[in-house]
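Report on the structure given below.
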Amino acid sequence: IQLNGLNYDFVNLKSQTGGLNRLDLRCIHFHQISFKNASFSDTNLNGVTFTNSSLSNARFQNVSMRCALFNGTQMDGVNLSSTDISGSVF
């Protein structure tokens, strides 16, 4: 799946079951997508690609982003403190 040129500023993406079943967004290619001030909770983002996108001030809680690619993505003030980013390329 590839998403292009969309604005998701201030969006709150969260699994309805919490850590029991994570929201599954793995392997999506986000191209020129804005997630400024977005909040991600209990989400599987393994293998996603963010190309020329913005994650400025985004917050991640209980998120897995293994092997993600951040190509030309703005990440000012992003909070990845409780995120598994092993194997990701910045």
Side-chain angles (χ1 to χ4, degrees):
I1 296 175
Q2 180 170 331
L3 300 175
N4 296 310
L6 300 172
N7 181 330
Y8 291 110
D9 294 349
F10 297 96
V11 72
N12 183 11
L13 296 174
K14 180 177 183 175
S15 170
Q16 294 300 312
T17 61
L20 183 61
N21 291 312
R22 288 185 172 177
L23 180 62
D24 190 358
L25 298 176
R26 62 192 155 148
C27 299
I28 294 177
H29 183 181
F30 298 103
H31 180 73
Q32 296 180 340
I33 304 290
S34 182
F35 284 110
K36 293 178 183 174
N37 299 294
S39 176
F40 297 83
S41 300
D42 304 311
T43 305
N44 180 349
L45 290 166
N46 292 337
V48 298
T49 301
F50 292 98
T51 304
N52 300 322
S53 296
S54 178
L55 291 171
S56 296
N57 299 306
R59 294 175 311 280
F60 296 86
Q61 288 186 312
N62 193 28
V63 172
S64 181
M65 285 200 306
R66 294 179 187 161
C67 301
L69 176 62
F70 301 88
N71 185 16
T73 295
Q74 297 174 341
M75 298 185 69
D76 324 337
V78 69
N79 181 344
L80 296 170
S81 62
S82 62
T83 301
D84 179 359
I85 55 171
S86 57
S88 294
V89 177
F90 294 88

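Values in this document were obtained by computation on a predicted structure and should not be read as measured data. The analysis underlying the following values was restricted to heavy atoms, covering all of them including side chains, and did not include hydrogens, waters or symmetry mates.
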Which heavy atom in F70 sits nearest to a heavy atom in S88, and how many Å separate them?
CE1-CB, 4.2 Å

For the SG atom of C27 and the CD1 atom of I1, what is their distance to the nearest 0.5 Å?
9.5 Å

Where the side chain of T17 meets the backbone of S15, is there a donor-acceptor pair that is under 3.5 Å apart?
no

Identify whether L45 and V89 are in the same connected component of the hydrophobic contact network (ILVMFWY, side-chain heavy atoms under 4.5 Å).
no

Search all heavy atoms of F35 against all heavy atoms of L55 and return the closest pair with its distance.
CB-CD2, 3.7 Å

Roughly how far, to the nearest 0.5 Å, is OG of S56 from NZ of K36?
6.0 Å

State, to 0.1 Å, how close S53 and H31 come at their nearest heavy-atom pair, and which atoms those are.
OG-C, 4.0 Å

Membership question, hydrophobic clusters at under 4.5 Å side-chain separation (ILVMFWY): are L69 and V48 in the same one?
no

Just wondering, do D76 and N57 contact through their side chains at under 4.5 Å, heavy atoms?
no

Ring-plane angle category for F40 and F60, please: parallel below 30°, perpendicular beyond 60°, tilted otherwise.
parallel

Side chains of H29 and T51: donor-acceptor distance under 3.5 Å anywhere?
yes

Check the surroundings of atom CD in Q2: do more than 12 heavy atoms from other residues, nucleotides or ligands lie under 6.0 Å from it?
yes

State, yes or no, whether a side-chain contact exists between T73 and N52 at a heavy-atom distance under 4.5 Å.
no

Answer yes or no: is there a side-chain heavy-atom contact under 4.5 Å between M75 and L80?
yes

Could you tell me whether R22 and D42 make a salt bridge, using a distance below 4.0 angstrom between a side-chain N and a carboxylate O?
no

Closest non-hydrogen atom pair between L13 and T43, with its separation:
O-OG1, 3.7 Å

Checking side-chain polar atoms at under 3.5 Å, does N46 have a donor or acceptor matched by the opposite partner on S64?
yes

Is the number of heavy atoms from other residues, nucleotides or ligands under 6.0 Å of Q32 CD greater than 12?
yes

What distance separates M65 CE from S86 OG, expressed to the nearest 0.5 Å?
10.5 Å

Same apolar cluster (I L V M F W Y, side chains within < 4.5 Å links), L3/L23
yes

Please lay out, stage by stage, how D9 and S34 fare under the test side chain to side chain donor-acceptor pair (under 3.5 Å).
CA-CA 6 Å; D9 294 349; S34 182; 2.4 Å; yes

Consider ring pair (Phe, Tyr, Trp, His ring centres under 6.0 Å). Of Y8, F90, F30, which one does F50 pass it with?
F30

From the list T83, D84, N44, side-chain hydrogen bond (donor to acceptor under 3.5 Å, both in side chains) with R66 holds only for D84

